[in-house]
S.K.: 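Take this structure, written in structure tokens, and hold onto it; I'll ask about it next.
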Amino acid sequence: RRSMIRLWVVATWLIVCAAAHPGEQPLSRIAVERTVLAVNESAHVKASPWVLGLKGQNSEWVEVEFFHPSPSNDDWIGVFSPANFSAAICEPENKRQRPPVLCTAPIKYQFANFNNDGYNKSGKGYLKLQLINQREDFSFALFSGGLLKPKLIAVSNKVAFANPKAPVYPRLAQGKSWNEMTVTWTSGYDIKEAVPFVEWGAKGGRSFLSPAGTLTFDRNSMCGAPARTVGWRHPGYIHTSYLKDLWPDSLYTYRLGHRLPNSTLIWSKSYSFKASPYPGQDSLQRVVIFGDMGKAEADGSNEFNDFQPGSLNTTYQIIRDLENIDMVVHIGDICYANGYLSQWDQFTAQIEPIASTVPYMIGSGNHERDWPGTGSFYGNLDSGGECGVPAQTVFYTPAENRAKFWYATDYGMFRFCIAHTEEDWRPGTEQYKFIEQCLSSVDRQKQPWLIFLAHRVLGYSSCSYYEEQGTFGEPMGRDTIEELLQKYRVDLAFYGHVHSYERTCPVYQGQCVVNASDHYNGPFKATTHVVVGGGGASLSEFTTSKIKWSHYTDFDFGFVKLTAFNHSSMLFEYKKSRDGNVYDHFTISRDYRDILACSVDNCPRTTLAT
């Protein structure tokens, strides 16, 4: 009976959670399959320039001029890629119906009267839209009838990048050993067309060539709609190369390459990165952590205007401080593609200045993984039919099984244990064993800063929808994980999922073991839990009740930066995305003699009674 009650709590909470996250994938608002042809010979759409990226750019602005003789408020412009979007073969929903005219969603859209105040009278409009290289050409279509009953009025000329297949958007990630860096990128080249590789070397030194493996996936890899239907777009080819035997803290340069059958070489521009420090190395080490960022459009198009409003600010603030950042950890809900595959390209383009320079480590969230009947712990529809496939392909993680998405990664004095809350994490499971192994196996004399990260809140949150369930965190989560955090003296636990910021006191079993402070020293007492899900997605409300373990809350977008100065001193800073200023902070100073002997067999469990 107890297990039935728990399942009821989880199911009820899922409904409340869904209601608590306003907004939706904006592309899902467009009923593409209901489109009817209403081509008007007097209407037109013209886009320029016709050829993009003539100087090697992977992003460029396009001017779109259009005219509709019978304009209205609900007219809109859709950006389609490939350009011949109307040529796709559409399947009927059932045998009694005709196939729809269109079955491919645009990659973005904007209303025709956006910044065009006189459009409703003159029918003349102008938009300036940003395009990124996504392996195919583009066209711009004018629709009337709004998003729910679209009528196709006119289609523009085609626009294309000079080399649409070029290697783009490199993503660095820590390898499975401390002195290995992986480089993952996207291109339009199948391995039958060109051989992928990376040219790299220490700055000013000799260069090496490292081969790359290639992955992709097809429509049948998706688990449901819209990923399998209107949201499907070929992801291109994802290449990963492994740069090994790096010297600690050394600066390296690299560029992406493809060798064609005629020996022609296709190159990306050059990038650089700093190799990771040796585990336990005493040096300045800085890591940024956040969740739930998503992506946004610099051109103001509606595509994500109300769902990830803080995404660009978070991205810009990290880029601005990038010289003072060594690694980024994005703990789930990556880009909120929700089954619209074009958005993965747009997200990797947005973070390219960051991910091409420092390791960009990701966790998996509900919007990457969850889908009924696919083994996800929560059987909801949040991934839009992606069921984890794009996330585990587009990004590299040093997991033993990339589909399971839990892994450990070391950076100097830090050990990060990254869990996957969309897979079962309860005692007796494979993941629970991993979490305990990750926490127990670290040498705290060399790596004192032990950090636990997960997407859903397996600890404490005063978000209003958690309060309504009486759990103040994921149902069953705290009961499962808190014992491990206390047993292995984990200073900090980070979570996303709740789109805001919150810091607790050092808390155990619902009680502040010590009062919250801006400075902690002496022996370990309890874990400080931090919700840092305000990376960019629509914000989550807090309870109005006074919660004794909740020390600081912020209903705003932001991220956390950890700075380890040495083995006994670390700085925690919470920064708002709007200005990059620090709004919450504390330091930890301790020598960790109380936990140096702590291992899986002999670490005593501390309770409030002791």
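The chain is numbered in sequence order, starting from 1.
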S.K.: Could you tell me whether the side chains of Tyr336 and Glu368 share a donor-acceptor contact shorter than 3.5 Å?
M.R.: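 The answer is no; no qualifying pair exists.
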
S.K.: As an exercise, state the distance from CG of Asn40 to CG of Leu152, rounded to the nearest 0.5 Å.
M.R.: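 Asn40 atom CG to Leu152 atom CG measures 11.0 Å (nearest 0.5 Å).
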
S.K.: Step by step, would you call Leu142 with Phe67 a side chain to side chain contact (heavy atoms under 4.5 Å, CB included)?
M.R.: CA-CA 9 Å; Leu142 173 62; Phe67 171 73; over 6 Å; no

S.K.: With Trp344 as reference, evaluate Arg233, Glu386, Lys295 under the side-chain contact (heavy atoms from CB on, under 4.5 Å) test and give the passing residue.
M.R.: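 So the option named by the test is Glu386.
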
S.K.: Quick one: does any side-chain atom of Gln57 pair with a main-chain N or O of Lys55 as donor and acceptor, under 3.5 Å?
M.R.: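 Yes, the answer is positive, given that a donor and an acceptor are paired below the 3.5 Å cut-off.
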
S.K.: As an exercise, state the distance from CD1 of Ile132 to CD1 of Ile107, rounded to the nearest 0.5 Å.
M.R.: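 CD1 of Ile107 is found 7.0 Å from CD1 of Ile132.
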
S.K.: Looking just at side-chain N and O atoms, do Asp333 and His497 make a donor-acceptor pair shorter than 3.5 Å?
M.R.: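 No, no side-chain donor-acceptor contact under 3.5 Å.
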
S.K.: Taking the side chain as every heavy atom from C-beta outward, state whether Ser268 and Arg255 have any pair of such atoms under 4.5 Å apart.
M.R.: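 A side-chain contact under 4.5 Å exists here.
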
S.K.: Please round to the nearest 0.5 Å and tell me the distance separating atom CG of Leu256 and atom OG of Ser356.
M.R.: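 These two atoms lie 9.5 Å from each other.
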
S.K.: If only side-chain N and O atoms count, and only distance matters, is there a donor-acceptor pair under 3.5 Å linking His68 with Ser144?
M.R.: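 No, no side-chain donor-acceptor pair sits under 3.5 Å.
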
S.K.: Can you check whether Pro100 reaches Arg34 side chain to side chain, under 4.5 Å on heavy atoms?
M.R.: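 Side-chain contact under 4.5 Å: no.
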
S.K.: So which of Tyr396, Trp200, Phe197 actually passes ring-ring contact (aromatic ring centres under 6.0 Å, His included) with Tyr242?
M.R.: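 Among Tyr396, Trp200, Phe197, the one meeting ring-ring contact (aromatic ring centres under 6.0 Å, His included) with Tyr242 is Tyr396.
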
S.K.: Tell me, with the steps shown, if Asn220 and Arg228 meet side chain to side chain contact (heavy atoms under 4.5 Å, CB included).
M.R.: CA-CA 7 Å; Asn220 290 331; Arg228 262 185 112 142; 3.2 Å; yes

S.K.: Once rounded to the nearest 0.5 Å, what's the spacing between atom OG of Ser311 and atom CZ of Phe347?
M.R.: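 That separation rounds to 7.0 Å.
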
S.K.: Given 3.5 Å as the limit, does a donor-acceptor pair link the side chain of Trp371 with the main chain of Cys223, or not?
M.R.: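 Side chain of Trp371 to backbone of Cys223, a donor-acceptor pair under 3.5 Å: yes, one is there.
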
S.K.: List the steps, then state whether ring pair (Phe, Tyr, Trp, His ring centres under 6.0 Å) holds for Phe80 with Phe85.
M.R.: CA-CA 6 Å; Phe80 289 85; Phe85 61 95; 3.8 Å; yes

S.K.: Determine whether the side chains of Ser59 and Gln130 contain a donor N or O and an acceptor N or O closer than 3.5 Å.
M.R.: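 The criterion, which ignores hydrogens and geometry beyond distance, is satisfied for Gln130 and Ser59.
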
S.K.: Is there a side-chain contact between Ile238 and Phe395 (heavy atoms, below 4.5 Å)?
M.R.: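 Not touching, per the 4.5 Å side-chain cut-off.
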
S.K.: Does a salt bridge link Asp299 with Lys128, judged by any charged N lying under 4.0 Å from a carboxylate O?
M.R.: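 No salt bridge links Asp299 with Lys128.
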
S.K.: Does a side chain donor of either Arg171 or Thr182 reach within less than 3.5 Å of an acceptor in the other side chain?
M.R.: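 Short answer, no.
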
S.K.: Applying side-chain hydrogen bond (donor to acceptor under 3.5 Å, both in side chains) between Glu422 and each of His367, Lys404, His455, Arg456, report the one that passes.
M.R.: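 With Glu422 as partner, side-chain hydrogen bond (donor to acceptor under 3.5 Å, both in side chains) holds for just one option, Arg456.
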
S.K.: Within the distance-only criterion (no hydrogens, no angle test), does the side chain of Gln350 pair as donor or acceptor with the backbone N or O of Ala296 below 3.5 angstrom?
M.R.: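 Checked: pair present.
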
S.K.: Pairing donors with acceptors under 3.5 angstrom, does anything connect the side chains of Ser342 and Gln134?
M.R.: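 Distance-only check fails for Ser342 and Gln134.
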
S.K.: Kindly compute the distance separating CD1 (Ile418) from CD1 (Ile331), expressed to the nearest 0.5 Å.
M.R.: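 Output value for this atom pair is 8.5 Å.
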
S.K.: If I take atom CZ from residue Phe138 and atom OG from residue Ser81, how far apart are they, to the nearest 0.5 angstrom?
M.R.: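 Between atom CZ of Phe138 and atom OG of Ser81 there are 4.5 Å.
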
S.K.: Does a salt bridge link Arg369 with Asp382, judged by any charged N lying under 4.0 Å from a carboxylate O?
M.R.: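 Salt bridge absent between Arg369 and Asp382.
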
S.K.: Going by distance alone, is a donor N or O of one side chain under 3.5 Å from an acceptor N or O of the other, for Asn73 and Asn120?
M.R.: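 Looking only at side-chain atoms, Asn120 and Asn73 do form a donor-acceptor pair, the distance falling under 3.5 Å.
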
S.K.: Would you say the side-chain atoms of Ser139 pair up with the backbone N or O of Asn157, donor to acceptor, closer than 3.5 Å?
M.R.: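 Looks like no, no N/O pair under 3.5 Å.
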
S.K.: Do Phe143 and Asp74 make a side-chain contact, defined as non-hydrogen atoms from C-beta onward lying under 4.5 Å apart?
M.R.: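 Of all side-chain heavy-atom pairs linking Asp74 with Phe143, none is under 4.5 Å.
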
S.K.: For residues Trp76 and Phe111, establish whether the separation of their ring centroids is below 6.0 Å.
M.R.: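 Judged by ring-centre distance (under 6.0 Å), Trp76 and Phe111 do not meet the cut-off.
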
S.K.: Taking side-chain contact (heavy atoms from CB on, under 4.5 Å) as the criterion, tell me which of Phe140, Tyr126, Tyr119 meets it with Phe66.
M.R.: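 For Phe66, the side-chain contact (heavy atoms from CB on, under 4.5 Å) test succeeds with only one of Phe140, Tyr126, Tyr119, which is Tyr119.
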
S.K.: Return the set of residues passing side chain to side chain donor-acceptor pair (under 3.5 Å) with Tyr316 (not counting sequence neighbours), or none when no residue passes.
M.R.: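 If we apply the side chain to side chain donor-acceptor pair (under 3.5 Å) test to Tyr316, skipping adjacent residues, there are no hits.
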
S.K.: Output side-chain donor-acceptor pairs under 3.5 Å for residues 42-52, partner residues at least two apart or in another chain, one line each.
M.R.:
from: His44; atom 1: NE2; to: Glu65; atom 2: OE1; distance (Å): 3.3
from: His44; atom 1: NE2; to: Glu65; atom 2: OE2; distance (Å): 2.9
from: Trp50; atom 1: NE1; to: Ala47; atom 2: O; distance (Å): 3.3

